[in-house]
Amino acid sequence: MTIIDGKKLSNEIIDSLTNECIELKKIGITPGLAVILVGNNPASATYVNMKEKACKRVGINSFKYHLNEDSTQKELLDLIDRLNKDDKVNGILVQLPLPSHFNTDEVLEFISYKKDVDGFHPYNVGLLSLGLEGFKPCTPYGVMKLLKAYEINPEGMNACVIGRSNIVGKPMSMLLLNSGATVTTCHSKTKNLKEITLQSDLIVVGVGKPNLLTADMVKDGAVVIDVGINRIESGKLVGDADFDGVSKKASFITPVPGGVGPMTIAMLLSNCVEGAKK
Ligand code: NAD
């Protein structure tokens with residue numbers, strides 16, 4: 001059994017992006033990422049700070065905008081409009097979730113698809129489902145990079161994705177389908193989850209429930225990618241898979257932390273540098 005090291009691969013990607021940024025600067029280009037935080041969600045503030053730090057590390061200019069909790073949809077759209085037109089900004093990211101009075105779909109659609117480094121704009125979602133080049137959502141894109149780095153080719157595999165969110169599950173299923181896997185997407189209404197996982201060569205779980213995937217649900221030699229991030233009572237961070245049990249069955253498994261998480265930020269930076277190059 002191999003533990004997939006997302007921290008190591010993300011560091012390699014970040015080093016190579018740092019070199020790309022040095023080269024881009026020589027021709028007068030500095031990639032720029034605008035990050036918009038609305039309100040006072042502490043987890044969102046932490047994510048935004050992590051993204052800012054990561055940008056600094058590779059040499060991407062980061063522009064942070066913090067709107068009050070009670071700011072309006074129009075104020076947010078006006079800011080996005082300015083950033084859409086700003087040549088110093090290649091990527092625009094609105095940290096989700098937004099406070100409940102916002103129309104998130106309208107906000108995401110308002111970001112220029114050319115600066116949509118999160119890959120959430122309907123245009124980029126369309127490109128992804130057509131199997132065409134466009135910005136890909138960072139977490140599933142990071143999973144594909146991990147699989148490639150460990151020479152795990154999904155072609156011909158029975159793959160099961162647990163979770164169908166627009167951020168993780170759906171784009172994950174699409175990327176695996178595009179790479180030749182036979183994909184089953186499971187979710188909260190799925191009745192025979194264990195039956196499906198037991199037939200799967202590759203399982204990607206992104207639900208947000210500790211111990212959702214247990215050893216008895218995994219066939220010998222399966223590849224298990226755990227996207228879940230859960231903080232349990234002891235304060236420890238765990239994924240959705242029972243790591244100790246599942247790792248006895250799996251051929252490859254990602255740990256939490258240190259698996260998919262670090263890849264998400266690396267792919268965000270990668271999308272931003274790609275945007276600047278275009
Ligand atoms: P979400 O709440 O939007 O979606 C959860 C999905 O799980 C839903 O589609 C739901 O149908 C499904 N689900 C719920 N209960 C289920 C059950 N019992 N059986 C099967 N499916 C079930 O969450 P999300 O934004 O997709 O995030 C999922 C998890 O991934 C969370 O733990 C989140 O913290 C984590 N996450 C990690 C990263 C990363 O970088 N590693 C990035 C994004 C999200």
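By the side-chain hydrogen bond (donor to acceptor under 3.5 Å, both in side chains) test, N192 is found to be paired with E195, residues two or more places apart in sequence or in another chain being considered. For K85, the side-chain hydrogen bond (donor to acceptor under 3.5 Å, both in side chains) criterion is met by D81, not counting sequence neighbours.
Separating the CD1 atom in I162 from the OG atom in S188 is a distance of 12.0 Å, to the nearest 0.5 Å. Atom OG1 of residue T72 and atom CG of residue L77 lie 8.0 Å apart, to the nearest 0.5 angstrom. Atoms CG and CG, from N41 and L96 in turn, are 10.5 Å apart once rounded to the nearest 0.5 Å. Of the inter-residue distances, the one linking L17 atom CG with I60 atom CD1 reads 6.5 Å to the nearest 0.5 angstrom. A distance of 9.0 Å separates CG in L269 from CZ in R57, rounded to the nearest 0.5 Å. The NZ atom of K170 sits 9.5 Å away from atom OG1 of T185, with the distance rounded to the nearest 0.5 Å.
At a threshold of 4.5 Å between non-hydrogen side-chain atoms, the residues V89 and L33 do not count as touching. Side chains of P140 and S173 form no contact here, defined as non-hydrogen atoms less than 4.5 Å apart. Looking at D201 and K219, their side chains come closer than 4.5 Å, going by heavy atoms from C-beta outward. Taking 4.5 Å as the limit, every side-chain heavy atom of M1 sits out of range of all side-chain heavy atoms of F252. Taking the side chain as every heavy atom from C-beta outward, T30 and L24 never approach each other to under 4.5 Å.
For residues 262-276, the set of pairs meeting the salt bridge (charged side-chain N to carboxylate O under 4.0 Å, His left out) definition, not counting sequence neighbours, comprises E274-K277. Applying the salt bridge (charged side-chain N to carboxylate O under 4.0 Å, His left out) test to residues at least two apart or on different chains, the pairs with a partner in residues 23-39 are E23-K26. Screening residues 8-18 for salt bridge (charged side-chain N to carboxylate O under 4.0 Å, His left out) gives K8-E12 as the qualifying pairs, with residues at least two apart or on separate chains. Under the side chain to side chain donor-acceptor pair (under 3.5 Å) criterion, the residue pairs touching residues 248-264 are T139-T264, with sequence neighbours excluded. Screening residues 101-125 for salt bridge (charged side-chain N to carboxylate O under 4.0 Å, His left out) gives no qualifying pairs among residues at least two apart or on separate chains.
Counted within 6.0 Å of NZ on K278, heavy atoms from surrounding residues, nucleotides or ligands total more than 12; the atom is thus considered enclosed.
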For residues 202-217, which side-chain N or O atoms pair as donor and acceptor with protein atoms under 3.5 Å away, sequence neighbours left out?
from	atom 1	to	atom 2	distance (Å)
T214	OG1	D216	OD1	2.6
D216	OD2	K194	NZ	3.2

Show me the side-chain donor-acceptor pairs of residues 143-155 shorter than 3.5 Å, one per line, residues at least two apart or across chains.
from	atom 1	to	atom 2	distance (Å)
Y150	OH	D5	N	2.8
N153	OD1	E155	N	3.0

What side-chain donor-acceptor pairs closer than 3.5 Å can you find for residues 61-69, not counting sequence neighbours?
from	atom 1	to	atom 2	distance (Å)
K64	NZ	N49	OD1	3.1
H66	NE2	G39	O	2.8
E69	OE1	N40	N	3.0

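Of the possible donor and acceptor atoms, none in the side chain of N90 sits under 3.5 Å from a partner among the backbone N and O of C272.
When hydrophobic residues (I, L, V, M, F, W, Y) are linked wherever their side-chain heavy atoms come within less than 4.5 Å, the members clustered with I229 are L237. Hydrophobic cluster of Y113: the remaining members, joined at side-chain heavy-atom separations below 4.5 Å, are Y123, L127, L130, L132, listed by chain and number.
A cation-pi geometry, defined here as NZ or CZ lying under 6.0 Å from the six-membered ring centre and within 45° of its normal, does not hold between K236 and F243.
The two residues V161 and V183 come nearest to each other via the heavy atoms CG2-CG1, 4.2 Å. Considering every non-hydrogen atom in both F120 and P137, the closest pair reads CE2-CB, 4.1 Å. Of all heavy-atom pairs between S71 and H101, the closest is O-NE2, 2.9 Å.
Here R82 does not pair with D78 in a salt bridge; the nearest charged N to carboxylate O distance is not below 4.0 Å.
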(Q) side chain to side chain contact (heavy atoms under 4.5 Å, CB included) for K51 and Q95? Distances and angles first, verdict last. (A) CA-CA 10 Å; K51 287 167 188 173; Q95 186 64 45; 2.8 Å; yes
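Hydrophobic clustering (side-chain heavy atoms under 4.5 Å, transitive across Ile, Leu, Val, Met, Phe, Trp, Tyr) keeps I253 apart from M172.
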